[in-house]
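Labels below follow one simple rule: chain letters A, B, ... track the order of the sequence lines, proteins then strands, and each chain is numbered from 1. Just so it is clear, the structure is predicted and the values come from calculations on it, not from any experiment. Only this structure's heavy atoms are used, side chains among them; waters, hydrogens and symmetry mates stay out.
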Protein chains: 2
Amino acid sequence: MSASSKPPVASGLRRKERPENLAERIYIQLKQEIFEFHLLPGDRFSETEVAARMAASRTPVREALYRLQRDGYVDVHFRSGWQVKPFDFRTFEELYDLRVVLECAAVRRLCEREREPSQLDDLKRIWLVPEAERLTDGQTVSALDERFHTMLVEACGNREMALIHAQVSERIRIIRRLDFTKDARVSATYSEHGQILRAILQRRSEEALLLLKSHIEASKAEVRKITLHMLHSARPQSDTSD
Amino acid sequence: MSASSKPPVASGLRRKERPENLAERIYIQLKQEIFEFHLLPGDRFSETEVAARMAASRTPVREALYRLQRDGYVDVHFRSGWQVKPFDFRTFEELYDLRVVLECAAVRRLCEREREPSQLDDLKRIWLVPEAERLTDGQTVSALDERFHTMLVEACGNREMALIHAQVSERIRIIRRLDFTKDARVSATYSEHGQILRAILQRRSEEALLLLKSHIEASKAEVRKITLHMLHSARPQSDTSD
DNA sequence: GAACACACTCTTGAATACAAGATGGCGTGC
DNA sequence: GCACGCCATCTTGTATTCAAGAGTGTGTTC
């Protein structure tokens, strides 16, 4: 048979453009599969299986899996396969609390500053718009919501803090998205972000902190309810005990 | 670069006791070499070289190196070797600031709590001792110092926060140790930790926060001076530009 | 003498081969 | 019919092999 199994990757290969690391591609794709519930929490799988699915060898697959493990998305069982980490509410709540800590620190610093970082302008353009111009698609607003909080932290200039916060946010994303399936949360997000932003711009530190805290706590509480419900109704036969 | 690096691992191999992962062992050993300046910031090396030194193949070495990369200790240059990350003061300062944020949040929570977590008892036993019983060895006190701050965060019960904080602390450790080469800092550490601990035990939140902040800032400032001096005096020919 | 080009070596990235242990099913003994 | 034990298979961990590009040094040419 022909050697046509070679994927037509080279489509847009102008300039030097590195093939971008097989391991990296697999890492991204696996994470996406987890986020999209293609791989469900508790699911078990083997390196060979993933390698076959990705049309690669085990080597880059293992590299990707180890990264995902360090990120907290999967676990390896010694000589007994991999597993998507089951949902752990305590962990999610801890991550939410960590977000509160990081973002409050960021806001506090932002309010102390005289000049406004450029990131705040971007946020103004997105969130301080007339109601008629508000976006309504849940997933879009969900992504913008994450970006809002991420940019608040980025704006205060500490790259390490921003990195950690981005990781925490990504880790929560899988359940935070569920929060935006209701229209009420979408419009509440617009009004809450607007309030927070205005408080920051007016250097009303304490007010901004309170608003931010309750905004995140609301999200946390909602997600908790939704996720509980989801876990009860979906796949009641799935038994993650082992 | 002694060839006697073959460890007598099998000494205590009773029960099942897994050989503990070659990759893990290499990871730990490499990190130690970096911390002990056996591998200097800016040094370049190849996977093959490390593999030979560790008496293993490239596979576990690569796994260890990728972990170290994600931890922020080394960098890989595409098909051109690995490099111990050169010192970057901005990063160190950002990590110090991140510590301040996390530890202040922890202390705030500890002060709000009625019951004292058991970790505080351990800390009392170590730091609230008569002057005569104080330890004087710099490296020992340095390790205890890191443990002090780590336990403060652990005590407030958020495991994710504690994990991040531990990572940040470890990352700073390489230069923080230099702070404890002077006796003055050692005794200052005892008195400052004592003050902080007492303030927490008496639920004097604001006082504890101020003390903690200035304690960390002092450490940050000292380390900055020492490290600058070290970098100037040692190996002035090393050029890490590229 | 200087500059350019070629080739060789060394590097990481990926695939394959080998090793050892965990798991589950099947068969046998009671 | 049930329980125990063995074996076949599947899993990850590690070593080795193959591939391709980056960098360097040398030789040649102007």
- Qualifying residues under ring-ring contact (aromatic ring centres under 6.0 Å, His included), relative to Tyr27(B), sequence neighbours excluded: none

- Task: Quick one: list whatever passes side chain to side chain contact (heavy atoms under 4.5 Å, CB included) with Ile126(A), sequence neighbours left out.
- Result: Leu144(A)

- Task: Mark up nucleotides 8-17 of chain C, 5' to 3', with B wherever a protein heavy atom is under 4.0 angstrom from a base atom, S wherever such an atom reaches only the sugar-phosphate, and - elsewhere.
- Result: ---BBBSBBB

- Query: Rounding to a whole Å, what distance do you find between Asp75(A):CG and dT11(D):P?
  - Reply: 18 Å

So which protein N/O to nucleotides 24-26 of chain D N/O distances come out below 3.5 Å?
none

- Message: Let me check the geometry of the helix from dG1(C)-dC30(D) to dC30(C)-dG1(D). What is the bend angle between the axes at its two ends, five pairs each, to 10°?
- Response: 10°

- Note on the structure: Across all chains, not counting sequence neighbours, the ring-ring contact (aromatic ring centres under 6.0 Å, His included) partners of Tyr66(A) are Trp82(A)

- Message: Using modelled atom types and a 3.5 Å cut-off, is there a donor and acceptor pairing between side-chain atoms of Arg62(B) and backbone atoms of Glu63(A)?
- Response: no

- Got a sec, which residues hit side chain to side chain contact (heavy atoms under 4.5 Å, CB included) with Arg125(A), two or more places apart in sequence or on another chain? Asp121(A), Asp122(A)

- Message: According to salt bridge (charged side-chain N to carboxylate O under 4.0 Å, His left out), who are the partners of Arg25(A), at least two apart in sequence or on a separate chain?
- Response: none

- For Glu217(B), side chain to side chain contact (heavy atoms under 4.5 Å, CB included) partners two or more places apart: Asp97(B), Val100(B), Lys220(B)

- With sequence neighbours excluded, tell me which residues meet side-chain hydrogen bond (donor to acceptor under 3.5 Å, both in side chains) with His165(B). Glu103(B)

- Message: Does anything in residues 76-89 of chain A form a salt bridge (Lys or Arg N to Asp or Glu O under 4.0 Å)? List the pairs, not counting sequence neighbours.
- Response: Asp88(A)-Arg159(B)

- Would you please name every residue forming a side chain to side chain contact (heavy atoms under 4.5 Å, CB included) with Thr59(B), sequence neighbours left out? Ser57(B)

